[in-house]
Amino acid sequence: MTSKASAPGKIILFGEHFVVHGTKAILGAINKRVTIISEKNKSQNISIKSSLGENSIPISESIENVDSMFKPFFFIAKKIINENNFSNGIDMDIQSDIPIGAGLGSSSACCVAAAASISNLFSELEKNQILNIAIEAERTIFPNTSGADCTVSVFGGIIGYQKDSGYKIIETNHEFDFIVVNSKKPHSTSIVVDRVNKFKSSNEKIFRDLCEEETRLIEKVTDSLQTFDLETIGKCMSQNQIFLEQLGVSNDQLLEIIKLIEKETFGAKITGAGDGGCIIALTNKNEKETVFEHMKTEHEAYSVTIDKTGMQVFNAN
Ligand code: PMV
């Protein structure tokens, strides 16, 4: 009996980093997904296969001793095995079209799809239960995660997210078109988050003011997202980029891409932790192909839209 689940990656439209400190962020799920097929096995091992390689641990292994990029997925399998008093292992096969380590939520989407796929081998869980398992798993490698990435991956669409009050879907019937450019510079979310923490400690007032400005920006842009005012949304994205530069998470390479793509779009900014990873730019349907072709000549670029489905679970058979 196998169980299949899939979950989308994400872009952060507004508020990355600030969200870790309690401010609201706006995220969108994207039409790039990870699919996980899991199956109970007759061994005493949890085995994972993906395009990055294969790995296996005994079900008795303590998660603290696991030193693998698959740690969060082993955590999920172990947790669900234990909760269901299952005495054998699980095989997991991960297939993904979300670029890895680029700030597009690949690891969160994997946590969501793994939690959904494995739990479905035993019983059907509510979306919120799957979300909690996914966030707990992500915390095994990134303890400070705000939880925003997993949340948008579970529910899909465009959401407002705040650590204390959770998420709210921003209802809109419009189709948004983005170009995502991958700087191909690897980055570590936890290192950049630590750097922002240091910035906050030595610049308390500046940081507080930036949080307030970000909050005002997000209030304004929430209306523009609903009314599909692309000009205003683009301007707000460029403004958000300036705030991120003030936090020190941008660099010359990212700025070069932004300057290039800004000329042809409504606005552009870093998405995710910064210091590398991806740039997103808001475009419209008619110009999207042209911008995409231009960017593709020098960079790895993707044309993305907002995924409204979120996580999907397919019945075990
Ligand atoms: O680059 P990513 O996809 O890991 O995004 C990180 C977003 C932060 O706001 C910097 C951290 C978080 O947990 O929200």
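All heavy atoms count here, side chains included; hydrogens, waters and symmetry mates do not. Whatever order the structure lists them in is the order used to number ligands and atoms, beginning at 1.
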Please check if any side-chain donor atom of K288 sits under 3.5 Å from a side-chain acceptor atom of S303, or the reverse.
yes
Give the numbers and elements of all ligand 1 atoms closer than 4.0 Å to a heavy atom of T145.
13 (O)
Nearest neighbour in protein (non-hydrogen) for atom 11 (C) of ligand 1:
V20 CG2, 3.6 Å
Considering heavy atoms of the protein only, find what lies nearest to atom 7 (C) of ligand 1 and give residue, atom and distance to 0.1 Å.
I12 CD1, 3.6 Å
Are any non-hydrogen side-chain atoms of N88 and Q44 less than 4.5 angstrom apart?
yes
Quick one: look up the protein heavy atom nearest atom 1 (O) of ligand 1 and list residue, atom name and how far away it is.
A273 N, 2.9 Å
Is the closest N or O pair between S146 and ligand 1 shorter than 3.5 Å?
yes
Contact atoms of ligand 1, heavy-atom distance to E16 under 4.0 Å:
9 (O)
Can a side-chain donor-acceptor contact be found between E138 and S108 if the only test is distance below 3.5 angstrom?
yes
Between K285 and D177, is there a salt bridge with N-O shorter than 4.0 Å?
yes
Is it true that the side chains of T227 and D229 contain a donor and an acceptor less than 3.5 Å apart?
no
As an exercise, identify every atom of ligand 1 less than 4.0 angstrom from a heavy atom of F142.
13 (O)
Identify the protein heavy atom lying closest to atom 2 (P) of ligand 1, giving its residue, its atom name and the separation to 0.1 Å.
T189 OG1, 3.7 Å
Any F18 heavy atom less than 4.0 Å to ligand 1
no
I'd like to check which ligand 1 atoms, numbered from 1 as shown, lie under 4.0 Å from a non-hydrogen atom of V19.
9 (O), 14 (O)
Atom 8 (C) of ligand 1: which protein heavy atom is closest, and how many Å away?
H17 N, 4.0 Å
Would you mind reporting whether N120 and F122 have side-chain heavy atoms less than 4.5 Å apart?
no
Which atom of A116 lies closest to which atom of M311, heavy atoms considered
CB-SD, 4.0 Å
Determine, for K79 against E83, whether the closest basic-nitrogen to carboxylate-oxygen distance falls under 4.0 angstrom.
yes
Residue D149 vicinity, atoms of ligand 1 by number, heavy atom under 4.0 Å
3 (O)
So if I count the atoms of ligand 1 from 1 in the order they appear, which ones are less than 4.0 Å from some heavy atom of G103?
1 (O), 3 (O)
Kindly assign one of parallel, tilted or perpendicular to the pair H174 and F228, based on the angle between their ring planes and the thresholds 30° and 60°.
parallel
Considering only non-hydrogen protein atoms, determine which one is nearest to atom 3 (O) of ligand 1 and report residue, atom name and distance to 0.1 Å.
K10 NZ, 2.6 Å
